[in-house]
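Keep in mind that what you see is a predicted model, and the values were worked out from it rather than measured. Each chain gets a letter, A, B and so on, in the order the sequences are listed, and its residues count up from 1.
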Protein chains: 2
Amino acid sequence: MKKPTIKDVAKLAGVSFKTVSRVVNKEASVSDEVRSKVLECIEKLNYQPNHTARVMRKAPFSLAFVYDNPNSHYVIEMQNGIISECRKRGFELVIHPTDSRSEEVGKELVAMIGSNQIGGVILTPPLSENRELVTFLLNRDAKVVRILSGAEAPDTLAPVIHVDDVGAARKMTDYLLDLGHQKIAFLGYHSSHESSLGRLEGFRAALTDRGLPVDKNLIIDGEFTFDSGMAMTREALKHNPTAIFACNDEIAAGAVFQSRLSGFKVPENISIVGFENSPFSVQTWPHLTTVNQPNFDIAASAAAMVIKMMQEKDVHSAETKGFSLDLVIRDSATKPA
Amino acid sequence: MKKPTIKDVAKLAGVSFKTVSRVVNKEASVSDEVRSKVLECIEKLNYQPNHTARVMRKAPFSLAFVYDNPNSHYVIEMQNGIISECRKRGFELVIHPTDSRSEEVGKELVAMIGSNQIGGVILTPPLSENRELVTFLLNRDAKVVRILSGAEAPDTLAPVIHVDDVGAARKMTDYLLDLGHQKIAFLGYHSSHESSLGRLEGFRAALTDRGLPVDKNLIIDGEFTFDSGMAMTREALKHNPTAIFACNDEIAAGAVFQSRLSGFKVPENISIVGFENSPFSVQTWPHLTTVNQPNFDIAASAAAMVIKMMQEKDVHSAETKGFSLDLVIRDSATKPA
DNA sequence: CCTTGCTTTGTCAACGTTGTCAAATCTTAT
DNA sequence: ATAAGATTTGACAACGTTGACAAAGCAAGG
């Protein structure tokens with residue numbers, strides 16, 4: 001019992017297969033009478049249009065999500081956002097984890113696009129920061145949307161979604177400052193880690209805005225992990241901060257833990273805030289005050305953009321959309337004693 | 001500048017396009033001389049075979065990973081495992097998160113398969129437990145591989161990968177018992193949660209094997225979350241256990257935290273073990289002794305199975321493969337005081 | 001030098017759709 | 001009743017590939 005094709009439906013309905021095609025594609029010029037008969041036959045035979053043949057005549061209905069990020073929570077939220085948009089539009093999502101340091105990335109992606117499986121690509125950091133890669137893809141006329149952090153899009157190569165984590169870091173720092181903290185440690189500076197740079201920038205800006213000095217001893221560098229968070233906290237504690245601004249929630253969780261171990265109550269004796277609003281932020285006690293990243297929405301709007309580009313053939317206008325981030329106030333920060 | 005097709009290559013190489021096709025498909029009957037000339041032209045034109053056309057004539061080269069699981073870490077590990085296998089074989093992965101309670105699941109999946117985009121499906125719990133869904137898919141001759149927990153495959157409907165978490169729970173309990181613990185609390189029983197059932201079963205079996213009683217007061221039910229872990233621990237502590245067996249790492253993390261809050265040192269005064277070896281297990285102090293689930297390998301072998309089924313058309317022999325799980329001994333459990 | 005059999009190459013139809021354009025049918029105005 | 005126009009339908013090629021089969025080329029055996 002083979003899969004029914006459009007011709008089987010046509011035969012059953014007593015019309016030409018082109019008419020069936022028209023019904024399937026919801027074209028206008030079909031009489032109501034014929035349409036309903038065809039629809040009925042489709043139902044009866046359980047006909048499914050062959051996606052592949054369709055792609056061959058029209059355009060691909062798939063897009064790729066390309067990432068190189070060890071943070072599962074982030075990846076999943078992004079995926080879900082993209083998928084939700086894909087579902088609405090009848091698109092399929094192909095995921096493409098990759099190694100951003102590898103020379104192969106460009107080739108891999110070009111192969112996907114060249115082979116006509118994929119119509120568009122969503123790039124996340126650090127891939128999206130790679131100008132060379134982007135132009136390379138653009139030259140093979142791929143539809144590309146980049147997700148980047150920063151208050152503004154850095155260029156107009158291709159559409160960009162920018163996520164203002166600098167502004168968010170500043171907001172968070174302001175929040176701590178408003179609470180009355182003066183000595184705030186910054187944990188997680190890492191010169192090669194783009195997002196730590198942005199966050200530090202926001203942190204600094206908030207301090208300087210109020211004419212406060214930026215104490216180098218309180219800017220600690222390390223990895224984005226729990227263990228490193230603990231280590232950095234030991235370091236920071238030597239200089240008696242009243243609050244800790246951690247670059248992400250994992251670090252913050254480590255900080256909470258180490259603080260307690262060192263005899264500080266959180267938040268009574270020391271306030272600690274995170275960044276990301278990841279599951280880790282409620283995996284600790286007290287639950288972390290942090291910054292929410294609306295990854296789902298960011299991803300969905302990126303997907304909407306690529307799909308739009310895939311549909312309107314010519315339009316190449318480098319669109320841009322910005323997201324600002326909000327604080328999530330929970331229990332790990334309060335007024336200093 | 002359109003994408004080059006096989007015909008362009010043929011023209012350039014001065015051979016028929018069928019010959020090029022043969023080269024591309026690495027068929028034997030091409031003289032070395034011609035082959036290398038063709039290869040050269042392919043290179044020169046930057047020709048990429050059109051995947052779509054290929055799928056139309058042969059079979060789909062994509063498989064779907066279908067899941068309904070809120071645990072990002074699990075999903076990502078599975079994805080990565082599947083992808084690694086796909087890359088080796090030139091397949092693409094389409095992900096399909098879904099709502100297992102919805103009536104639509106079957107239809108969605110049949111639509112994917114019927115439309116010829118997808119050649120096979122990998123099902124994880126709880127979808128894979130749904131016999132009805134599996135037979136439904138099988139009837140539309142989809143290639144299905146199920147991942148299930150349990151020491152053995154429950155039936156021979158379709159190939160199954162079974163993961164022995166019952167055995168692992170027993171191993172873990174034995175470990176605690178060997179350490180000298182007698183009063184062990186079990187946290188995270190939840191009647192509708194398949195995996196908690198299996199783990200409880202293993203826990204019970206280990207006790208009964210040694211002729212020890214199973215104290216109902218020490219079997220606490222609740223969710224698989226940090227907060228619930230804390231709550232269950234408060235409950236358990238009333239009955240003075242010397243060890244806690246948590247159904248997963250999140251619960252264990254909550255347990256560690258609550259224990260400390262209640263004045264117990266971990267592991268000096270109370271031993272706590274988790275399950276899953278998720279990132280949470282090193283996101284706490286001391287790092288958790290837990291059970292490793294080799295999700296990557298499990299997924300990879302599922303992928304290998306589906307791909308094999310897709311390639312060898314007829315073979316329907318319900319293969320089966322089992323995985324046993326190993327303990328990861330870290331620092332959260334030790335001999336009782 | 002011709003047959004036989006093997007290897008290499010080519011021709012053509014097919015896969016299941018959609019696009020183009022022409023044919024058939026239905027309206028409406030004269 | 002008829003021409004003109006609008007709507008609905010159909011025939012056929014095309015998309016880029018592979019499969020089936022036929023043709024050509026070549027070596028060995030008589």
Side-chain angles (χ1 to χ4, degrees), chain A residues 2-39 41-42 45-62 90 111-119 311 313, chain B residues 2-39 41-42 45-62 90 111-119 311 313:
Chain A
K2 279 193 58 66
K3 286 173 189 167
T5 76
I6 207 171
K7 290 187 185 174
D8 299 317
V9 179
K11 206 172 292 171
L12 185 65
V15 297
S16 83
F17 69 92
K18 178 70 229 211
T19 302
V20 178
S21 165
R22 280 192 257 260
V23 172
V24 170
N25 289 290
K26 301 196 195 354
E27 287 175 32
S29 60
V30 180
S31 68
D32 290 347
E33 189 192 8
V34 172
R35 180 191 310 281
S36 63
K37 185 168 54 176
V38 170
L39 249 17
C41 296
I42 287 180
L45 291 184
N46 228 300
Y47 164 73
Q48 301 274 0
N50 182 318
H51 185 89
T52 311
R54 215 159 173 182
V55 168
M56 193 162 65
R57 291 294 287 146
K58 310 191 94 162
F61 286 94
S62 306
M112 285 177 83
I113 290 159
S115 70
N116 231 44
Q117 300 174 75
I118 257 79
Q311 285 172 339
K313 295 204 164 186
Chain B
K2 280 193 59 68
K3 285 172 189 165
T5 77
I6 206 171
K7 290 186 186 173
D8 299 317
V9 178
K11 206 172 294 170
L12 186 64
V15 297
S16 83
F17 69 91
K18 179 68 230 212
T19 302
V20 178
S21 166
R22 279 192 257 261
V23 172
V24 170
N25 289 292
K26 302 196 194 354
E27 286 175 33
S29 61
V30 181
S31 68
D32 289 347
E33 187 192 9
V34 172
R35 181 190 309 283
S36 63
K37 184 167 55 174
V38 169
L39 248 19
C41 296
I42 287 180
L45 291 183
N46 226 301
Y47 164 73
Q48 302 277 359
N50 182 319
H51 189 255
T52 311
R54 213 159 175 180
V55 168
M56 193 162 65
R57 291 296 289 148
K58 311 191 96 163
F61 286 95
S62 306
M112 284 177 83
I113 290 158
S115 69
N116 231 45
Q117 300 175 72
I118 256 82
Q311 286 172 339
K313 293 203 164 189

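Contact check, A/S21 against C/dT17: no side-chain N or O comes under 4.0 Å of OP1 or OP2. Taking only side-chain nitrogens and oxygens, A/N25 comes nearer than 4.0 Å to OP1 or OP2 of C/dT18. Contact annotation: A/R54 reaches the phosphate of C/dT18 (side-chain N/O to OP1 or OP2, under 4.0 Å).
What separates NZ of B/K11 from P of C/dG10 is a distance of 15 Å, to the nearest Å. Here the C1' atom of nucleotide C/dG19 and the CD1 atom of A/I6 are 13 Å apart, to the nearest Å. Between the NZ atom of B/K58 and the C1' atom of D/dG19 there is a distance of 10 Å, given to the nearest Å. One atom, CD1 of B/I42, and another, C1' of D/dT17, lie 13 Å apart when rounded to the nearest Å. Residue B/K7 contributes atom NZ, which lies 12 Å from atom C1' of C/dT11 at whole-angstrom precision. Atom NZ in B/K37 sits roughly 13 Å away from atom C1' in C/dT8 (whole-Å rounding). In this structure, NZ of A/K26 is placed 15 Å from P of C/dT17, rounded to the nearest angstrom. The distance between atom CG of B/N50 and atom P of D/dA14, rounded to the nearest whole Å, is 18 Å.
In this structure A/K18 satisfies the side-chain contact (heavy atoms from CB on, under 4.5 Å) test together with A/S16, A/S21, A/R22, sequence neighbours excluded. Every residue two or more places apart in sequence or in another chain that forms a side-chain contact (heavy atoms from CB on, under 4.5 Å) with A/K7 is listed here: A/T5, A/F17.
Between A/N46 and A/P4, the shortest heavy-atom distance links the atoms O-CG, 4.0 Å. Closest heavy-atom contact between A/Y47 and A/I6: CE1-N, 3.5 Å.
Looking at B/R57, its side chain comes within 3.5 Å of the base of D/dT18 through a donor and an acceptor atom.
Side-chain proximity of A/M56 to D/dT17, C/dT17, D/dC15: nearest is D/dC15.
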Which atom pairs, donor and acceptor, lie under 3.5 Å between side-chain atoms of residues 53-61 of chain B and protein residues at least two apart or in another chain?
| from | atom 1 | to | atom 2 | distance (Å) |
| --- | --- | --- | --- | --- |
| B/R54 | NH2 | B/N25 | OD1 | 3.0 |

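Atoms NE2 and OG, from A/H51 and A/S62 in turn, are 5.0 Å apart once rounded to the nearest 0.5 Å. Within the model, atoms CD1 of A/I42 and CZ of A/R35 stand 10.5 Å from one another, a figure rounded to the nearest 0.5 Å. Here the CG atom belonging to B/N116 is positioned 4.5 Å from the NZ atom belonging to A/K3, to the nearest 0.5 angstrom.
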Identify each atom pair where a protein N or O and an N or O of nucleotides 22-28 of chain C are less than 3.5 Å apart, giving names and distance.
none

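For the helix from C/dC1-D/dG30 to C/dT30-D/dA1, the terminal axes (five pairs an end, C1' atoms, rotation from four pairs onto the next four) enclose an angle of 50°, given to 10 degrees.
Judged by distance alone, the side chains of A/S115 and A/Q117 do bring a donor and an acceptor atom under 3.5 Å apart.
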Per-nt protein contacts along nucleotides 7-12 of chain D (heavy atom under 4.0 Å; B base, S backbone sugar-phosphate only, - none) come out as -SBBBB
